[in-house]
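Right, one structure below, let's go through it.
Every chain is numbered from 1, with letters handed out A, B, ... down the list of sequences.
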Protein chains: 2
Amino acid sequence: MKRDSRLSGVLHVLLHMAEADGPVTSEVLAVAMQTNAVVIRRIMAGLRDAGFVRSEKGHGGGWTFACDPEAVTLRDIYDALGKPSLLAMGNRTEAPGCLVEQAVNAALSDAFAQAEALLLGRLGEVTLAMLSADFHARMAARPGTTQDHGHEH
Amino acid sequence: MKRDSRLSGVLHVLLHMAEADGPVTSEVLAVAMQTNAVVIRRIMAGLRDAGFVRSEKGHGGGWTFACDPEAVTLRDIYDALGKPSLLAMGNRTEAPGCLVEQAVNAALSDAFAQAEALLLGRLGEVTLAMLSADFHARMAARPGTTQDHGHEH
DNA sequence: GATCACGCACTATTTGAAGTTACATGAAAC
DNA sequence: GTTTCATGTAACTTCAAATAGTGCGTGATC
């Protein structure tokens with residue numbers, strides 16, 4: 001089962017933007033993420049609609065931050081991505097009337113729901129500012145790194 | 001992102017077997033699960049290797065229980081399936097040397113690990129016997145149902 | 001020895017994500 | 001104003017992973 005790395009990816013993009021002075025184009029972000037500009041636009045659309053970032057057209061355009069990093073949590077970002085399913089396993093639903101299936105699903109759903117709630121809670125405790133601070137700490141700890149992002153893409 | 005229903009499915013199969021007197025063939029289970037006999041054999045292979053079920057060839061052959069339902073938990077079944085990933089989201093690993101990526105991954109990995117641990121703990125608390133008891137309770141509560149499995153596949 | 005059932009390797013199909021192209025819209029530069 | 005740059009979207013095209021299916025081998029029962 002393949003894992004979705006959109007959340008991870010979008011956070012990567014956001015940290016990039018946070019470091020930049022002005023707007024960053026989809027093209028530039030795409031290179032950093034080793035993907036296509038259209039993919040970046042697609043993934044950012046939700047964040048734009050949610051008001052976390054802004055996009056500008058034309059010369060000098062691109063993506064800019066539009067929120068207070070202290071106030072936005074990873075949970076908010078997750079929501080803006082469309083709340084993709086967190087769990088890789090789910091219930092069978094092919095025989096809803098089957099009592100065996102009902103018994104199985106009841107047992108699993110409980111555990112699944114609890115794990116999901118825990119995960120969402122944790123995501124809600126981490127702000128973008130904390131992530132950014134962690135990144136800066138790592139950069140400071142790394143010898144011989146200058147003012148760039150420490151990237152080796 | 002599509003969800004894996006193997007655990008749910010295999011539990012369904014096990015409850016079926018628990019109700020049956022003698023061996024149940026892959027063919028019969030496949031019909032109940034609306035799938036192919038080979039799929040059943042594949043999914044059961046892990047359980048057989050783990051010693052939870054036994055398979056017999058030839059006339060009157062098929063699958064039989066080989067464990068104490070009181071002693072086997074959903075966690076054990078999960079393990080026997082090869083411990084497929086529980087979470088639908090994962091870390092990006094395309095730029096392992098990137099400090100931004102490291103910061104992001106560190107933040108997410110923590111939360112992911114906790115949720116996974118919680119889920120595994122819950123699965124470890126439920127035995128096959130409990131599942132079976134729940135099924136019987138549901139059947140008793142259903143009016144007009146006889147001794148069959150209450151299936152409407 | 002004929003039939004039945006599992007075991008396994010191999011092939012085929014499906015499905016969903018990711019990448020690409022194409023074109024429209026809007027903003028700044030010239 | 002027209003040229004250039006950048007986003008917004010809608011197709012369309014790969015591409016890879018998961019699932020399903022086929023064929024044949026092995027062993028057990030009738």
Side-chain angles (χ1 to χ4, degrees), chain A residues 1-10 12-13 17 20 22-66 81-82 84-85 88-90 92-94, chain B residues 1-10 12-13 17 20 22-66 81-86 88-90 92-94:
Chain A
M1 186 114 318
K2 200 180 172 183
R3 275 191 275 236
D4 184 353
S5 59
R6 268 177 301 171
L7 179 58
S8 173
V10 94
H12 195 146
V13 165
M17 287 171 51
V24 189
T25 67
S26 304
E27 206 65 53
V28 168
L29 292 174
V31 170
M33 301 285 295
Q34 300 180 124
T35 182
N36 189 288
V38 176
V39 175
I40 297 289
R41 293 188 189 117
R42 265 205 286 260
I43 213 176
M44 297 289 280
L47 299 196
R48 183 192 55 229
D49 296 345
F52 298 138
V53 298
R54 204 189 315 281
S55 63
E56 310 272 4
K57 293 181 177 180
H59 276 274
W63 299 90
T64 49
F65 244 76
L81 287 180
S85 74
M89 317 199 82
R92 264 173 54 94
T93 53
E94 282 147 55
Chain B
M1 188 117 316
K2 201 178 173 185
R3 285 199 192 107
D4 183 353
S5 59
R6 269 177 299 172
L7 179 58
S8 174
V10 89
H12 195 147
V13 166
M17 287 170 50
V24 189
T25 68
S26 304
E27 206 64 53
V28 168
L29 293 174
V31 170
M33 302 287 293
Q34 300 178 123
T35 181
N36 189 289
V38 177
V39 175
I40 298 289
R41 292 189 188 116
R42 264 204 285 264
I43 214 176
M44 296 290 278
L47 299 195
R48 182 191 57 229
D49 296 346
F52 297 138
V53 297
R54 203 189 317 280
S55 64
E56 310 271 3
K57 294 181 175 180
H59 276 276
W63 298 92
T64 50
F65 245 76
L81 288 180
K83 309 185 187 186
S85 74
L86 293 168
M89 318 200 81
R92 264 175 52 95
T93 52
E94 282 147 53

Overall bend - the helix from dG1(C)-dC30(D) to dC30(C)-dG1(D), comparing terminal axes fitted on five pairs, nearest 10 degrees = 0°

Short question: side chain of S8(B), backbone of R92(A) - any donor-acceptor pair under 3.5 Å?
-> yes

When every non-hydrogen atom of G61(A) is compared with those of P23(A), the smallest separation belongs to O-CB, 3.6 Å

Could you state the interatomic distance from CH2 (W63(A)) to CG (L47(A)), rounded to the nearest 0.5 Å?
-> 8.0 Å

What residues, two or more places apart in sequence or in another chain, satisfy salt bridge (charged side-chain N to carboxylate O under 4.0 Å, His left out) together with R6(A)?
-> D4(A)

Separation of dG19(C) C1' from Q34(A) CD (nearest whole Å) = 14 Å

Could you list the residues that satisfy side chain to side chain contact (heavy atoms under 4.5 Å, CB included) with K57(A), not counting sequence neighbours?
-> none

Apply side chain to side chain contact (heavy atoms under 4.5 Å, CB included) to A45(A) and list each qualifying residue two or more places apart in sequence or on a separate chain.
-> R48(A)

Rounded interatomic separation in angstrom, taking CZ from R3(A) and P from dA17(C) | 17 Å

Report the distance from atom CZ of R41(A) to atom OG of S26(A), rounding to the nearest 0.5 Å.
-> 4.0 Å

Per the under-4.0 Å heavy-atom filter, residues of residues 36-55 of chain A near DNA chain C come out as N36(A), V38(A), V39(A), R42(A)

Rounded distance [0.5 Å steps], CG in N36(A) versus CZ in R42(A) = 8.0 Å

Only counting residues at least two apart or in another chain, list the ones meeting side chain to side chain contact (heavy atoms under 4.5 Å, CB included) with V24(A).
-> M17(A), A20(A), V28(A), L29(A)

Mind running a 4.0 Å heavy-atom check of residues 57-65 of chain A against DNA chain D and sending the residues that fall below it, in number order?
-> K57(A), G58(A), H59(A), G62(A), W63(A)

5'-most by nearest nucleotide on DNA chain C - R6(A) or E56(B) | E56(B)

Give me the first and last nucleotide of DNA chain D, going 5' to 3', that has any atom under 4.0 Å from a heavy atom of chain A.
-> dT4(D) to dA18(D)

M17(B) CE to dA5(C) C1', in whole Å, measures 14 Å

Working to the nearest 0.5 Å, report the span between CZ of R3(A) and CE of M1(B).
-> 11.0 Å

Sequence neighbours left out, what passes side chain to side chain contact (heavy atoms under 4.5 Å, CB included) with E56(B)? Give chain and number order.
-> R54(B)

Show the numbers, then the answer: is there a side chain to side chain contact (heavy atoms under 4.5 Å, CB included) between I43(B) and V13(B)?
-> CA-CA 10 Å; I43(B) 214 176; V13(B) 166; 5.6 Å; no

Please report the C-alpha distance between S55(A) and M44(A) in whole Å, then the side-chain angles of each, then the deciding distance to 0.1 Å, and finally whether the side chain to side chain contact (heavy atoms under 4.5 Å, CB included) criterion is met.
-> CA-CA 9 Å; S55(A) 63; M44(A) 297 289 280; over 6 Å; no

